[in-house]
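Worksheet: one structure, shown below.
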Number of protein chains: 2
Amino acid sequence: MAATAEPKDAATRTEQVFRRLRDDLLANRFQPNEPLRFERMRELYESGIAPLREALSRLSESGLVVQVGQKGFRAAPFSLEDLHDIVETRRKLEVLAAQDAAQNGSEQWESNLVATFHRFGKVSRSKPETVAERAVWEERHTEFHRALIAGCRSRWTQQLWSIVFDHAERYRRSAIGLGHWSENEYADHKLLFDAAINRDPERLGELLHSHIGVSAERLVMHLSPSLAGPKAF
Amino acid sequence: MAATAEPKDAATRTEQVFRRLRDDLLANRFQPNEPLRFERMRELYESGIAPLREALSRLSESGLVVQVGQKGFRAAPFSLEDLHDIVETRRKLEVLAAQDAAQNGSEQWESNLVATFHRFGKVSRSKPETVAERAVWEERHTEFHRALIAGCRSRWTQQLWSIVFDHAERYRRSAIGLGHWSENEYADHKLLFDAAINRDPERLGELLHSHIGVSAERLVMHLSPSLAGPKAF
DNA sequence: GAATGCGGGGATTTCGAAATTCTCGGGAAT
DNA sequence: ATTCCCGAGAATTTCGAAATCCCCGCATTC
């Protein structure tokens, strides 16, 4: 048996396509509202139509793609209104979940959070320059927030949080290259980390609330120009 | 142009299968954890395999069915733990959404709520006896709760609420025939309705919190015997 | 007797093509 | 000039069968 458990068999082709498609969507490798035609998808993902349709169907259920009538699939559109809603919904869920984790998280949650924050810290002390560095930073950042709420007792809250966090990440990553970066990413998250480890739900809630709010404001500032058009996309 | 908008073209076969499958799942016409084999599904829904797989994929994304490895699809299992989680998550979302609706709901939301409560009232003054009556009651009940939060400004909160409410409804309807019915369904919902119309978020929140809590307790009492087994299903 | 390896049967998964539907430009009628 | 209709091309949707994989019983071996 290997060191770390690796359940990622990538068993079925639908699964592979689903994961790669989701990655590409979150990385904005498709334009918002761009039609996802099968001919092109077949080449891109080296698959028949059946697995593609299944993966796209699943993604349409969580809103990353939209399926119109008999007109196929498109990458989900962007809009300032949607961004605002996403952020607010994520904020409520994450505050609830994190506070519950701070109160009821297990020993194992705590130690996993320490390890995850350590990994996040290593890539957050300086601004990521290359695309690859930025991708790693995003991964670690997501990992940290997930680890923060992983101690929450409600599986469903975590599941719903994942959905809106995905959408938030899609917006966030669309601002890469627009100079979207804050100098105190590390310090901000350190505060969250400390409040969680100190089991201080009150403070953790306040910090999270403002952290998400501030990040969102900065994001809206960067994205407003491109999203302000008359039609939402 | 017809009187009321009817966008239900039932255009694509996948859509039809999806809707019917979802209905059958919510009505517990499949046993929890029951394998959903394609041979049988083909006969039941008069469809090829492709639309079935797509519908099942979408349903697996929201958790009504689970897809195992290369072993196909099953109806989602039941467990007391899951029920508890569902109820708590729904409670938080619905309280948040309803309070926002009470504060910010439009004129149109208000009038639609009146109409919906009227329809609900007509079937809630006496206990539904036949299966058909009970089905109508469930429909109107869902309609009322949806209309209550429809005034909420957050589309995403409403969307996430829909997911957990579906699961809650599945549990609730599994208790039909076990004498699961309360005499004061009408009175309880009348209080909610009044608080919403009076734009009293504080009171509406409290009422909803206890309404969902009480309903859940009664439900757990009825379902505990069948769900208490060593294995979750 | 218990554990291991091997096929047969059944079920899922995937493919390639047929059927259906939509798009869009050109032409006729008003 | 504008509107409406129609048909060719293109794209989606659906089907039936081939390919693949899993379960399970049985024989073999230690």
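So that the names make sense, note that chain A is the first sequence line, chain B the second, and so on, each numbered from 1.
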Test side-chain hydrogen bond (donor to acceptor under 3.5 Å, both in side chains) applied to Ser154(A) and Glu88(B), step by step
CA-CA 8 Å; Ser154(A) 166; Glu88(B) 285 304 313; over 6 Å; no
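Within 6.0 Å of NE2 on His141(B) lie more than 12 heavy atoms contributed by other residues, nucleotides or ligands. Annotation for Glu81(A): atom CD does not count as buried by contact number, only 12 or fewer foreign heavy atoms lying within 6.0 Å. The environment of CD in Gln31(A) is sparse: at most 12 heavy-atom neighbours from other residues, nucleotides or ligands sit within 6.0 Å. Under a cut-off of 6.0 angstrom, the local environment of CZ in Arg29(A) is crowded, with over 12 non-hydrogen atoms contributed by other residues, nucleotides or ligands.
Across Ser124(B) and Trp137(B), no two heavy atoms sit closer than the pair OG-NE1, 2.9 Å.
Within residues 61-75 of chain A, the residues approaching DNA chain C are Gln70(A), Lys71(A), by heavy-atom distance under 4.0 Å.
Geometrically, Arg58(B) engages Phe18(B) in a cation-pi contact defined by less than 6.0 Å to the ring centre and at most 45° from the axis.
Under the salt bridge (Lys or Arg N to Asp or Glu O under 4.0 Å) rule, Glu138(A) has a single partner from Arg173(A), Arg170(A), Arg172(A), which is Arg172(A).
Mapping heavy-atom proximity under 4.0 Å, the span of DNA chain D touched by chain A runs 5' to 3' from dA11(D) to dT14(D).
The separation between Arg42(B) atom CZ and dA11(C) atom P is 13 Å, rounded to whole Å. Straight-line distance from the CG atom of Leu52(B) to the P atom of dT13(C): 12 Å, rounded to whole Å. Distance CZ (Arg53(B)) to C1' (dT12(C)): 6 Å, rounded to an integer number of Å. Rounded to an integer number of Å, the gap from Leu56(B) CG to dT12(C) C1' is 12 Å.
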